[in-house]
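Structure first, commentary second.
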Amino acid sequence: MSIQIDQRIKNIRQWLLTNELDALIVPHEDEYLGEYLPKHNERLHWLTGFTGSAGVAIVTQNNAAIFVDGRYTVQVTKQVSDQLFEYHHLIDEPFLEWLVTQLPRNSRVGFDPKMHRGKWINSAQQQLQGVLTLTPVTVNPIDQLWLDRPTPQRSDMILLPDSSVGISSHIKRLDIGLNIDQADADCAIITALDSICWLLNIRGLDVARLPVILCHAILYKNGHMDLFLDENRLAPNFHAHVGEGVTLYQPKLLEFHLNQLKGKRVLLDPDTSNGWFNLILERSAIVVIKRADPCLLPKAQKNAHEQAGMKNCHIRDGLAMTKFLHWLDGQIAQHQPLDEAIIADKLELYRRQDPTLVDLSFDTISAAGSNAAMCHYNHMNQPTPGVLSYDSLYLVDSGGQYLDGTTDITRTIAIGTPTPEMVHQFTLVLKGHIALATARFPKGTCGHQLDILARQYLWQEGFDYDHGTGHGVGHFLSVHEGPQRISKAVNETALMPGMVLSNEPGYYRADAFGIRIENLELVTECDTRGDKLMLQFSSLTRCPIDKRAIDLSLLTAAEIDWLDNYHQKVWLDVSPLVGDIEVLDWLKQATAPLIH
Ligand SMILES: [Mn+2]
């Protein structure tokens with residue numbers, strides 16, 4: 001591999017010479033900027049051998065370096081030759097600063113604007129002003145040099161019926177068209193794949209974990225859409241399904257059509273679009289209105305049909321979790337030697353028993369003992385998966401993409417007898433989870449105003465967790481969806497009825513153990529005697545929380561009530577689906593009230 005990589009670097013250096021450039025930046029991202037990449041766009045992997053989900057490589061004539069974050073500092077040393085690349089920390093040692101130390105003043109640094117957010121390009125240009133020249137390339141050299149590049153996955157297009165999505169594509173496009181008009185724009189470039197699929201009520205499997213079709217779109221204020229997608233990708237009834245006003249174009253005509261927008265006012269989201277779009281529009285002197293993707297907010301507020309699907313898929317997901325947790329308890333009782341991969345695969349197997357599951361919603365985090373202290377741990381990035389440790393906690397964060405919705409759940413399981421310290425911390429996390437789950441808040445409240453509810457008991461004793469408390473979740477779409485969010489960082493999006501968010505406080509003790517309790521919550525209106533319109537959460541997830549890891553003396557009567565009521569809902573919804581009497585017995589026990 002190393003000889004191959006060496007040759008690839010040499011080829012990039014030759015390409016730099018031919019193009020009068022002094023360096024090339026190769027990020028992990030592709031033109032769609034999503035969390036997961038289709039195989040044919042794994043350019044960073046091709047150049048370096050690194051398989052992580054984030055990182056940047058830089059090649060100069062004299063040097064090469066790879067920049068990865070804290071999740072990957074060990075993995076990178078196993079996958080990338082230190083003879084060929086220097087290793088650096090993506091956050092602590094910014095690659096732009098490294099470039100400045102490597103190159104003479106006014107050197108030309110090549111980058112492919114499609115692989116970077118528009119926002120990044122602006123800030124990078126400012127930072128390097130007068131020191132180095134950032135030079136956009138029109139053809140990505142890796143696309144020219146990658147001879148055995150995988151052919152793109154061309155999955156079948158799934159047409160979601162109106163009964164499942166609630167609103168036809170035609171009505172959605174007219175609605176969003178009005179928003180575009182109100183933003184004083186003539187059209188919007190829709191670059192987020194989940195927005196396009198939401199607008200057209202279609203899904204696909206072009207990318208792992210994100211059920212979308214790779215395409216681009218321009219939506220006009222009259223609801224008309226130009227869709228850039230090969231005709232042979234369409235499902236047979238596509239045109240009848242989406243209704244009038246969708247015109248299909250070859251993807252290679254995108255640039256031509258962008259140039260045709262001369263004289264129009266074009267809405268473009270600098271957060272979700274790659275820098276190439278802005279570059280093309282600016283070159284043609286087209287007026288760009290920089291604003292959030294107009295689909296984000298309507299997509300986040302699930303309608304009654306989408307809510308019903310989300311509820312139903314969570315009950316079936318709860319069945320898979322129930323079978324899995326019953327199996328795990330049986331294995332533990334027999335002291336079976338299990339590793340994280342075996343356990344994760346077993347859970348996936350139970351999920352796949354449901355014929356409506358089309359994919360997992362993300363790579364399962366299956367973390368035994370101290371591995372759970374790393375909150376983005378992935379056993380597949382380790383030389384060997386960790387072995388289940390007894391008298392400890394096991395953490396599993398997982399989810400499914402079902403035809404009627406998306407799930408994301410974390411449970412932390414007592415393996416044997418966890419230490420009193422583990423039980424104490426688990427209980428603090430649970431108290432925070434309950435405090436957020438039972439919150440009532442006036443309409444207009446934003447996620448950051450609620451974040452403290454989940455942290456208060458940890459803070460009280462001098463603890464915290466270094467991640468957000470809640471992210472939005474799509475309806476059979478991205479498991480990480482904006483624009484709402486619950487975290488310390490200010491987020492201006494008020495929580496609205498129909499939004500789905502995770503509630504996932506945690507606690508991580510380095511080299512010892514990790515805890516996270518995650519349910520998905522639906523925002524609903526709340527009846528009170530007061531004079532304000534109040535909102536609340538309603539838990540969608542249907543799976544027992546491990547009572548064996550709780551210190552009951554730390555819970556108030558109200559918290560005990562909450563857990564008992566929650567478990568009662570889990571029992572009522574999931575038990576009718578359980579066929580096996582042993583699993584049913586297990587669920588009965590797992591959902592029985594805390595105090596008899
Ligand atoms: Mn989550």
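Counting starts at 1 for both ligands and their atoms, following the listed order. One-based numbering along the sequence shown.
Under a cutoff of 6.0 Å and an axis angle of 45°, Arg455 and Tyr465 form a cation-pi pair.
Among the heteroatoms counted here (N, O or S) of Glu518, OE2 is the one nearest to the Mn ion (ligand 1).
Rounding to 10 degrees, one finds that the Mn ion (ligand 1) sits at the corner of an angle of 150° between Glu504 OE2 and Asp408 OD2.
Within the 2.8 Å limit, His471 places at least one N, O or S atom next to the Mn ion (ligand 1).
Heavy atoms from other residues, nucleotides or ligands lying under 6.0 Å from NZ of Lys488 number more than 12.
Counting only N and O atoms by type, the side chains of Thr407 and Asp317 include a donor and acceptor under 3.5 Å apart.
Classification of the Phe537-Phe441 ring pair by plane angle, with boundaries at 30° and 60°, yields tilted.
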